[in-house]
Structure formats: C-alpha cells, structure tokens
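Each chain gets a letter, A, B and so on, in the order the sequences are listed, and its residues count up from 1.
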There are 2 protein chains.
Amino acid sequence: MTPMQAEQAKKPALTTAFERLGTPMAFAKNQEVYAQDDDAERFYRLVSGVVRTSRVTADGRRQVGDFYYPGDVFGLDPGPLHRFAAEALTDCDVQIVRRSAVRAFAGDVEVDRAILDATRQEMERLQDHVVLLGRKGAIERVASFLIGLAQRREGGPVDLPMGRQDMADYLGLTIETVSRTLTQLQGDAVVKFASTRRFQVSDWGELEALAA
Amino acid sequence: MTPMQAEQAKKPALTTAFERLGTPMAFAKNQEVYAQDDDAERFYRLVSGVVRTSRVTADGRRQVGDFYYPGDVFGLDPGPLHRFAAEALTDCDVQIVRRSAVRAFAGDVEVDRAILDATRQEMERLQDHVVLLGRKGAIERVASFLIGLAQRREGGPVDLPMGRQDMADYLGLTIETVSRTLTQLQGDAVVKFASTRRFQVSDWGELEALAA
DNA sequence: CGGTTAATTGAACGCATTCAACACGAGTGG
DNA sequence: CCACTCGTGTTGAATGCGTTCAATTAACCG
C-alpha cells in the first residue's frame, strides 16, 4: 500500500467523526487560528486551504512546525497550551471540535481512531523533521521538502502554497539559501519552475537521491 | 508548580499502571531494547538506568531522538514500527507492557492517563527539539542540553550518563564542536567540570541566558 | 501602469566541520 | 607497579557551507 492510498483509506473515519461533532468555520488568508500559548481546548480538521504552525522565540527567530493540507488534523499539541501558533496560509475551511466533546465521546471507536491516527502522523512527521534538521544539509532539506509536496500531486505540476520565508523557517535555513538551492536544483534539471510558486519534478530519481 | 513538582505528581499513576500490567526486565549497558524498524508492540517504563533512542540513516549519519531517565516511558512511536532504536546507555531495569494489554484496558483511567501523559511529554520534547535544531547555534544547543540535565539534580553536581558522541548526535553537532563548547563554557565560568562525565553549574543565570 | 513586496543573485564573512595530532583515563598484562 | 594499549576526549589549523549584508530583478496588486 502506497502512502497515498493509506492517506485515502483513513480519511473517511476522520471526516465523519469531525462532521458529527465539529462545527465549521472559515479563516481568511493570514488569519490566526490560535496563538502561541493559547489554551489548547479544541482540535481542528482542515477541509480546504493550507495552515502553518510556528513558534517565535523571545529574540524573534521563527521556526515553522509544519504545514497542514485538506484532510489533516492539527492543533493536537498535547499540553494544556498550544506551543505553536496556527495561521491560515490561504483562505481556509476548518471543522472545529472541542476537546471536552472528544473526551465525552471517549471510547467511541471512530473518534478515538481519528485522534489517534492524527497523533500518530504528527509524531512521525516530528521525528522525521528532527532527523532532517539535525543531520541533513541544505540540498537534502530542500529536496526532502519538495518530495513531500510533490507526492501529494504525483505527476503533474505542484503548487507551493507558502513563500520562501516559510520554507526557510520550516527547514531551518535562510531565505537566500532556499532560493539558491532551488535555482541550483533547476539548473541541474531536477525540477522545473513555471513560476516562483509552481514547479514540476523533472528527474524524480535524482530528487530522491538528493534528499538522502 | 515547577516542572520538578509536575514530574513528581504524575509518577504515581504511571508507576501503578505499569506495575499492574507490566513485566520487569533488565538490560545490560549497550544492549538494544528494540531495533530501528522493529514492530512497535510494547511500551516501556524505565525504573533505573538511562536509555537512548536513535535513528541511523542509510549513509551512516546518526540522530539521537532523546534520552530517558528513571520514571520516563519510552517506545511510544505511534506507527506500527519503531522509527528509532532504543539502547541501554547504562545497566537498566525496565517494566514492559504489551500494547495489546493496554488496548484491552482501554477506558481504564489509570492506563489511559499513563500513556496520554507520556505521549504529551514526548511530543513537547520533540517540538522543543525541532526549535533547537532549526534555530539555535552551538552554544545555545549545548547550554540548553546542560540545563535539561541539571534541573533534574538542582544544586549539586550533575552526572553525564552519555559520552560526547551521544551529545553531538542529539544536538545535531559534531563531537569536536561539543567538546570545544564545553571547554568554552568552563572557561567563561558558567559550568565547572570535575571530570569529563561530571559537572556543576557555576552561573545558572548566565547558562540560561546562553540557552536563549 | 506605478508602487510595493517577494525572490534572486552577488560578495564577504563566520560558524561549525573536517582532518589531524595530541592528551587523558581505564583496563590489561608483563 | 609500571608499561602498554585502546577508547574517549581535547585541541589546532584549514576548509567549506550556509549566513549576512547589499543590490538587483521579478511578481503582485492597487
């Protein structure tokens, strides 16, 4: 089973659990869904659009935690507080569930399953990200990131919903290094950019090799 | 409530849940508790000793996921497989619970609470680590690490159960950079090393300032 | 179109790495 | 008890990758 198929297979459970318990809400581009250090009292499921989580340190450095796409559940921060803020990268439709409601339905197979699966995915992405940030070079980081995006839309052209700064803050690099690396990847005929926000993978094998 | 007190407060629940369901097991120094890509079918609670989790990439680079101390629960990898291996850094006593047993006791407040708390702690540490690796320099990384160790034994001398290479692989640095940074911190009278494996914090305020 | 923000490119710098040599400590055998 | 060895840690010098600072170009939006 490919990752793509696994993704599809678990969506129904998530969808119905959130449809039963959740209330829909829309967020405009750049609107904050919740702030850093807000009380974590809800779960969120993204219906459309793209969301970014990020933490800003006291001296202004920013680390992007992750990007979330339609079908993804976010806001799972396990503590009483959201350690990362969540912001809408584009206009978004979100289904929101109060954690107390989820707790009331504890034992409900569907609800438990939805939260468990989302937590699982969240932790695995976090673990992978630690390896990327701890042990990979700039080209490897950017290549890994492009692969992550591209395998959602296998084959065709891929849209980058985030700007270079967001990519940099996610990958632990500077905006200049990201830009240079993308230019280099294009020069090496690994990817091809139709515009700054849209690319296509030219040499999938090479891209995967570069991601290490 | 200090982190120290929170730590103490939640230990009882964890202890009793694992005592009821778990079987004790001992591991010798350097022994593997589970390997990378092993089936994840058990949870582990450390009674004594220190455990390290790590992942090795295809080309040999190693990233240490975390270090676990008495009272900590590890092996929580959410997927069907352990994405990180676990090894005993010292001789260890561990209580082991099969996940199927935990599932059978689902709804058991004590068991659920134990796993939930452990998962919470795990995710928060992962999130903090992402920020450290993504946005902190060498001195900040090492200072943060020393603080994490020192606040377990506030006041007195602190033992380093791991070698320099483990510290480096945890912090995303090289062994030389770790060594140099420690030397520098000692030169600046922030910490004092009695031996390579034992130190004391001389200037706590400065150490925290350096951790950023 | 003009005005503004985002992205690219260039050049110099600096931090961490790499490569290499040396010191230290623990364990072993003469 | 000392000499030897091996693993671990420290220190030095040179390199390089990514950053920083600065200028230019491209994209976006009124």
What is the separation between atom [atom1] on [X] and atom [atom2] on [N], rounded to the nearest whole Å?
{"X": "Met162(B)", "N": "dT8(D)", "atom1": "CE", "atom2": "P", "result": "15 Å"}
{"X": "Lys29(B)", "N": "dT8(D)", "atom1": "NZ", "atom2": "C1'", "result": "12 Å"}
{"X": "Arg198(A)", "N": "dA26(D)", "atom1": "CZ", "atom2": "C1'", "result": "18 Å"}
{"X": "Phe193(B)", "N": "dT10(D)", "atom1": "CZ", "atom2": "C1'", "result": "12 Å"}
{"X": "Leu182(B)", "N": "dT11(D)", "atom1": "CG", "atom2": "C1'", "result": "14 Å"}
{"X": "Gln184(A)", "N": "dG10(C)", "atom1": "CD", "atom2": "C1'", "result": "16 Å"}
{"X": "Asn30(A)", "N": "dA6(C)", "atom1": "CG", "atom2": "C1'", "result": "13 Å"}
{"X": "Arg197(A)", "N": "dT8(C)", "atom1": "CZ", "atom2": "C1'", "result": "15 Å"}

Reference residue Leu207(B); test side-chain contact (heavy atoms from CB on, under 4.5 Å); the match among Ile147(B), Val142(B), Asp188(B)
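The single option meeting the side-chain contact (heavy atoms from CB on, under 4.5 Å) with Leu207(B) is Ile147(B).
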Partner of Asp159(B) under side-chain contact (heavy atoms from CB on, under 4.5 Å), chosen from Arg152(B), Arg153(B), Arg197(B)
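Among the candidates, only Arg153(B) passes.
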Assign the ring pair Tyr44(A) / Phe74(A) to parallel, tilted or perpendicular, where the plane angle (0 to 90°) is split at 30° and 60°.
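Parallel.
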In residues 135-143 of chain B, which ones come under 4.0 Å of DNA chain C, going by heavy atoms?
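When residues 135-143 of chain B is checked for heavy atoms under 4.0 Å from DNA chain C, the hits, listed by number, are Gly137(B), Ala138(B).
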Mind listing the residues from residues 164-181 of chain A sitting with a heavy atom below 4.0 Å of DNA chain C? Number order is fine.
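The stretch gives Arg164(A), Glu176(A), Ser179(A), Arg180(A) as the residues lying under 4.0 Å from the strand, ordered by number.
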Take Ser48(A) and Asp93(A) through the test side chain to side chain donor-acceptor pair (under 3.5 Å) and record every step on the way to the result.
CA-CA 5 Å; Ser48(A) 72; Asp93(A) 290 308; 3.0 Å; yes
Lys136(B) side-chain N/O to Val131(B) backbone N/O, donor-acceptor pair under 3.5 Å:
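Checking the backbone N and O of Val131(B) against the side chain of Lys136(B), no donor-acceptor pair under 3.5 Å is found.
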Does Tyr68(A) reach the side chain of Glu122(A), with side-chain heavy atoms less than 4.5 Å apart?
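Sidechains of Glu122(A) and Tyr68(A): in contact.
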In the structure I gave you, are the side-chain heavy atoms of Gln200(B) and Phe193(B) within less than 4.5 Å of one another anywhere?
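No - every pair of side-chain heavy atoms lies 4.5 Å or more apart.
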Could you go step by step and tell me if Asp169(A) and Arg135(B) meet the salt bridge (charged side-chain N to carboxylate O under 4.0 Å, His left out) rule?
CA-CA 8 Å; Asp169(A) 289 344; Arg135(B) 287 295 172 224; 2.9 Å; yes
Solution key, residues 28-36 of chain A side-chain donor-acceptor pairs under 3.5 Å, sequence neighbours excluded:
from: Gln31(A); atom 1: OE1; to: Ala28(A); atom 2: N; distance (Å): 2.8
from: Tyr34(A); atom 1: OH; to: Gly75(A); atom 2: N; distance (Å): 3.4
from: Gln36(A); atom 1: OE1; to: Val56(A); atom 2: N; distance (Å): 3.0
from: Gln36(A); atom 1: NE2; to: Val56(A); atom 2: O; distance (Å): 3.3

So what does Thr183(B) touch, heavy atoms closer than 4.0 Å: a base, only the sugar-phosphate, or nothing?
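Thr183(B): backbone/sugar contact only, no base atoms under 4.0 Å.
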